[in-house]
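Chain A is the first sequence line, chain B the second, and so forth, proteins listed ahead of strands; every chain is numbered from 1.
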Amino acid sequence: MNLESLYQDIILDHYKNPRGRALLSEPAGESHQVNPTCGDEVTVQVALDAAGNVVVGYEGQGCSISQASASVMSELVAGLAPAQGDEIRRAFVELMHTKGAAEPDEDVLGDGVAFVGVAKYPARIKCALLPWMALQDAEAKAGIGSDQEGTSAP
Amino acid sequence: MNLESLYQDIILDHYKNPRGRALLSEPAGESHQVNPTCGDEVTVQVALDAAGNVVVGYEGQGCSISQASASVMSELVAGLAPAQGDEIRRAFVELMHTKGAAEPDEDVLGDGVAFVGVAKYPARIKCALLPWMALQDAEAKAGIGSDQEGTSAP
Amino acid sequence: MVQPIDVDRVRKDFPILERTVRDGRPLIYLDSGATSQKPLAVLDAERAFYETSNAGVHRGAHQLAEEATEAYETSRAAIAGFVGAQASDLVFTKNATESLNLAAYAFSNATAKAAHAPDSVDSRFVLSAGDSIVVTQMEHHANLVPWQEVCAKTGATLRWIGLTDDGRLDLSEIDSVIDETTRVVSVVQQSNILGTINPVDVLMARAHAVGALGVVDACQSIPHMPVDVEALGADLVAWSGHKMLGPTGIGLLWGRAEVLDAMPPFISGGSMIETVFMEHSTYAEPPKRFEAGTPMVAQAVGLAAAVAYLDEIGMDSVAAHEDELTGYTLERLESLRGVRIIGPRDNVDRGSAVSFVVDGLHPHDVGQFLDDKGVAVRVGHHCAWPTCRRFGVPATTRISPYIYNDRSDIDIAVEGIMAAQKFFGV
Amino acid sequence: MVQPIDVDRVRKDFPILERTVRDGRPLIYLDSGATSQKPLAVLDAERAFYETSNAGVHRGAHQLAEEATEAYETSRAAIAGFVGAQASDLVFTKNATESLNLAAYAFSNATAKAAHAPDSVDSRFVLSAGDSIVVTQMEHHANLVPWQEVCAKTGATLRWIGLTDDGRLDLSEIDSVIDETTRVVSVVQQSNILGTINPVDVLMARAHAVGALGVVDACQSIPHMPVDVEALGADLVAWSGHKMLGPTGIGLLWGRAEVLDAMPPFISGGSMIETVFMEHSTYAEPPKRFEAGTPMVAQAVGLAAAVAYLDEIGMDSVAAHEDELTGYTLERLESLRGVRIIGPRDNVDRGSAVSFVVDGLHPHDVGQFLDDKGVAVRVGHHCAWPTCRRFGVPATTRISPYIYNDRSDIDIAVEGIMAAQKFFGV
Ligand SMILES: Cc1ncc(COP(=O)(O)O)c(C=O)c1O
Ligand SMILES: Cc1ncc(COP(=O)(O)O)c(C=O)c1O
């Protein structure tokens, strides 16, 4: 059944046991994103640590895909230099536009590879992207990262 | 050819030689009607003479059908009691809704019978009715006639 | 005795219902609250219009233009007749949302014009600070946001009637919420999210008692039960064609003649005018005043075919069929562990849209499992976000059947819910 | 070298052109300026959508909803591509009239909101007494009346650029009419009554030079010649689908991203929101912000098929074909005694719509004789009443051909004119 490619165990695990789910005490930038279609919400906060690496906090409510995606995102980018995080974000966004046909690179995307099946369900792509859009927006607001292309989510 | 049933000689004659085409010096009621589709215009004025009969004046610009209809109208109702004029007006309106299948009563409609063919052309019915609507409206404004059903043209 | 609907026969008229989705599952369409499917008769009518009589309406003097005008106006008369109305009181729009905006803009436009020329508008539509507009807490965004916008433009205040826990209007609030300051009361007849059927007669009577105008959103009622718009007691009634077997791109606004007549134009341009000068224009009588530009002619023709189709079945039969199905749906859902119905649980004064949440599962995930079984339902806030908040849920899953659904469709939906519960271990 | 159009082949794609009118006369459709006919490809695309993928868009999580959303957005991209635009800058409306109203309401809505909350809107759209709005004397009512309405609501003044006797804009007036008080300049690219093609680049440049926004009515240009909306120099461009082989009930508004983004909503309700509370709402980004309610999905799909059809022919070929036909039409009409062309008589910067009057004959009567020969033309003021007044005529007869017409159609129209002259003895 198709659904197993959508709801991979990694996703269910992140959904049930979200990693690093908490807000920051002193965020440098914050973004609240909603999926107006279904009401899914996520707030992502960012700051830089002393070494110039990204610190991420988040909170949200929504479906398994959006919440697992937030958990995976925080795990992937926290502690990396902004440029490295950007690269992962781009790889994830790209993955979502492959219609499920891609073979994602686990070295880059880690648990994010589990979302490959989501790309087959256009209505769920937005769910998976929501936290990543919030990340991008929060970083832009904080003036973090080389990548300023979008200050508002699509 | 169909057009001969539309443009009967009587109509062409009234178009080329309009009867009683002039405005009144002291109208008791006046109505300016336009066909917003094509811009045809007609102004009809009414008053009562000493005997309580209708005096009609008119002016207009537009197609052969609307202008001939105004001429026929003025000829038919001028000098009649308002109630008689109403009756003719109703007969004319009815004729226009017969889709061209009626055998109009010449005793009532006089030259108006020539418009029977117009009823086959929905876009021209409005042209033929324009002066009659103006008459009805002008009479309503002047408080003439038993018939108050419509103060504005359809 | 109303005639029962022969669902198998009806389904044959809807080609889309023969298709499969996902891995070859037969399609079970339970999302008619969003939009209905279209019978062949509607598709054929639209196509026949394009293939034989397509032309500009109310404008040409050639035969095609005559035929197109006739088709358009005959359709108007048929649709008006379907809801017990006069053709001259029925305005075509693109959807119910435009219809409700047309109503709302009467107020903001009159208010703006009055500031420059007080005598140019009917004072019933002129608002100011201190005036109130009343809606309910179960409105579709289409009957909420336009009124928020009117308030933002005029300084009037938006008020609303709250809901009871079982998804009914809290009628005890009516007299306090609708008061002497109220200028318009706009309410939904049947909620698209809760399924509740509201006592619009009571609300309209109260509106009129305080001198307010009354508007009814009949989007979810007219497709599903016999409605006589003149009998609702409202001044304006809005609904859509696409939810009642008609094409996309056509909506309706019925208005009491006197009220329509008093309303300023909304969208302006060609066909809604009487005379036009560079400096100023005068406007046509309703309904033309509100139909600027080239209208949705083919869509009107298609919708006329849709109402003929519904008439053939009989709206009594439609209502009875859905009522029976609603009872069954409620019963089956209530028998499921961990499923909570959002909206009335008793099958009284309620329509066939049934919303629910499943403990531990987000509606998106429930919907995905139904989809996997071929069942199309809607998940989300159903454009009634404040209603979701009222019930403390981010979203719901909604089953909304129509004339082409039967009990077996509900059974498969229920299987899908159970499959989701099992998969997620809740 | 542009490919000539094979009119006989094209005609086969339009079933309506096979019919006869009146007493068995083959239909000669020369009223495409009002609305064009639709090729089978368009009818088939709409029907296929209804029969396979019809569902609410942007709302459901089921397969049908995904397919419908994909169909709708793919259509948007195709139509945007046809005019050299980004899909995200293209708004679907019901017709060009709504598109132009959307532009106009940005001003009246922003002005009304600013009175209550100045910071809630972009000041470029806030008008007051002393501000001016500029149009031309050859506007269709759709690009005139909405601006009159904006003036009535805001106190701004309407100004216009006059016309020369040969139906061109009097460009000598541009700098005086468009001045520092001007906040918006809205002009037609190709007049539907005169056929004139205006130098919109010059007008838009002048608008921007004084800090005004620029709007172009491209209703009669986009169907007939290659247009790159981004190259027009405008901020907003409006047109209709039904004049370019598409279904009724769909229009377009293209906007520069930055301008669309600054515009307040027009029609509000579902699908155009970001979040909704009872008290207030926030709005989605364009184009969604301007597409409240269930959209014209099937019509978008049909219009995408129409632009594919036009692309297949090639817009260069369309323009060349019409240019040739225009030259012929002008020549034939000018050779007739008592016929006066209203609009440019030289075939330079002019489209294929040719208006004329016949001495001693009212256009309605001329049209009737053409109709009797099977020729469909439009008679009247063509929703450009002030333009008629400018030329001292109550109405005109207009021949407006398209890809399915050729010289023989013009010949028969000319015969009809002569028959009318003979019959009325003029
Ligand atoms: C130049 C022009 N502008 C605007 C319009 C209005 O378009 P629509 O009727 O499709 O809204 C038309 C066509 O009627 C037109 O020719
Ligand atoms: C109750 C209700 N009101 C208004 C609307 C808006 O209708 P439309 O989207 O056709 O404009 C809907 C449907 O979406 C509805 O269910």
Side-chain angles (χ1 to χ4, degrees), chain C residues 15-16 19 21-22 31 34-35 37-38 43 47 50-52 54 56 59-64 94-95 97-98 101 112-113 116 141-142 145-146 148-149 152-153 155 160 242 248-249 267-270 273 276-278 280-281 292-294 296-299 364 367 371 376 378-379 383 385-386, chain D residues 15-16 19 21-22 31 34-35 37-38 43 47 50-52 54 56 59-64 94-95 97-98 101 112-113 116 141-142 145-146 148-149 152-153 155 160 242 248-249 267-270 273 276-278 280-281 292-294 296-299 364 367 371 376 378-379 383 385-386:
Chain C
I16 200 172
R19 72 165 277 183
V21 290
R22 300 304 174 199
D31 196 14
T35 197
Q37 296 304 338
K38 328 297 177 200
L43 306 185
R47 189 170 184 119
Y50 283 129
E51 291 193 354
T52 60
N54 175 63
R59 291 188 179 181
H62 52 82
Q63 187 179 340
L64 240 45
K94 68 176 175 177
N95 54 26
T97 303
E98 183 190 338
N101 276 267
K113 286 182 177 177
H116 299 276
H141 295 163
V145 186
Q148 294 177 338
E149 288 279 298
K153 286 182 269 187
W160 55 91
H242 67 92
T248 57
I267 295 181
S268 60
I273 54 90
V276 178
F277 297 85
M278 285 311 291
H280 64 92
S281 302
T294 302
M296 298 63 66
V297 192
Q299 291 75 28
H364 246 195
D371 175 54
R378 187 155 160 219
V379 297
C383 298
W385 212 332
Chain D
I16 200 171
R19 72 166 279 183
V21 289
R22 301 301 176 204
D31 195 15
T35 197
Q37 296 303 339
K38 327 298 177 198
L43 306 185
R47 189 170 184 119
Y50 283 129
E51 292 192 353
T52 60
N54 175 62
R59 290 188 179 181
H62 52 83
Q63 188 180 342
L64 239 48
K94 68 176 175 179
N95 55 26
T97 302
E98 182 191 338
N101 276 266
K113 286 182 177 178
H116 300 275
H141 295 163
V145 186
Q148 293 177 338
E149 288 280 297
K153 287 182 268 188
W160 53 92
H242 67 93
T248 57
I267 295 181
S268 61
I273 54 90
V276 178
F277 298 86
M278 286 309 292
H280 65 92
S281 302
T294 303
M296 298 65 64
V297 191
Q299 290 76 28
H364 247 195
D371 175 53
R378 187 153 163 221
V379 296
C383 297
W385 212 332

Colleague: Once side chain to side chain contact (heavy atoms under 4.5 Å, CB included) is applied, do any residues pair with Pro386(D), and if so which ones, sequence neighbours excluded?
Modeller: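 Val276(C), Met278(C), His141(D), Leu144(D), Arg389(D).
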Colleague: Which atom pair, heavy atoms only, marks the closest approach of Asn54(C) to Lys38(D)?
Modeller: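 Shortest heavy-atom contact: ND2-CE, 3.6 Å.
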Colleague: Is it the side chain or the backbone of Gln148(C) that comes within 4.5 Å of chain D heavy atoms, both, or neither?
Modeller: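 Contact with chain D: side chain only.
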Colleague: Using only heavy-atom distances, determine whether the side chains of Glu149(C) and Ser268(D) contain a donor-acceptor pair under 3.5 Å.
Modeller: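 No, Ser268(D) and Glu149(C) have no side-chain donor paired with an acceptor closer than 3.5 Å.
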Colleague: Given heavy-atom pairs under 4.5 angstrom as the criterion, report whether the side chain, backbone, both or neither of Thr248(C) touches chain D.
Modeller: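 Both parts, backbone and side chain.
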Colleague: Counting heavy-atom pairs closer than 4.5 Å to chain D, which one of His364(C), Lys153(C), Met296(C) comes out on top?
Modeller: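 Going by pairs under 4.5 Å, I would pick Lys153(C).
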Colleague: Name the option with the most non-hydrogen atom pairs under 4.5 Å to chain D; the candidates are Ala298(C), Ser281(C), Gly367(C).
Modeller: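 When all of Ala298(C), Ser281(C), Gly367(C) are compared, Ser281(C) has the most.
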Colleague: Go through the structure and list residues passing salt bridge (charged side-chain N to carboxylate O under 4.0 Å, His left out) with Arg19(D), not counting sequence neighbours.
Modeller: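 By the salt bridge (charged side-chain N to carboxylate O under 4.0 Å, His left out) rule, Arg19(D) matches Glu67(C).
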Colleague: Counting distance only, does the side-chain N/O of Glu51(D) pair as donor-acceptor with the main-chain N or O of Pro15(C) below 3.5 Å?
Modeller: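 Between the backbone of Pro15(C) and the side chain of Glu51(D) there is no qualifying donor-acceptor contact (under 3.5 Å).
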Colleague: If every non-hydrogen atom of Val21(D) is compared with every non-hydrogen atom of Leu64(C), which pair is closest and at what distance?
Modeller: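 Closest pair (atom of Val21(D), atom of Leu64(C), distance): CG1-CD1, 4.3 Å.
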Colleague: Go through Thr294(C), Thr35(C), Val379(C), Val297(C) and name the one with the most non-hydrogen pairs under 4.5 angstrom from chain D.
Modeller: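 Most heavy-atom pairs under 4.5 Å with chain D: Thr294(C).
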Colleague: Taking all heavy atoms of Cys383(C) and all of Gly270(D), pick out the closest pair and write down the distance.
Modeller: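 Heavy-atom minimum between the residues: SG-CA, 4.0 Å.
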Colleague: Which atoms of Ile273(C) come close to chain D, meaning under 4.5 Å heavy atom to heavy atom: side chain ones, backbone ones, both, or neither?
Modeller: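 Looking at Ile273(C), just its side chain touches chain D.
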Colleague: Can you tell which of Arg378(C), His62(C), His280(C) has the highest number of heavy-atom pairs within less than 4.5 Å of chain D?
Modeller: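 Heavy-atom pairs under 4.5 Å are most numerous for His62(C).
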Colleague: May I ask you to name which of His116(C), Lys113(C), Gln37(C) has the most heavy-atom pairs under 4.5 Å with chain D?
Modeller: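 Winner by heavy-atom pair count: His116(C).
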Colleague: Mind ranking Ala376(D), Ala34(D), Ala142(D), Gly249(D) by heavy-atom pairs under 4.5 Å with chain C and telling me who comes out on top?
Modeller: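 Among Ala376(D), Ala34(D), Ala142(D), Gly249(D), the one with the most close pairs to chain C is Ala376(D).
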Colleague: Measure from the side-chain N and O atoms of Asn101(D) to the backbone N and O of Ile267(C), and report whether any donor-acceptor pair falls under 3.5 Å.
Modeller: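 Answer holds: no.
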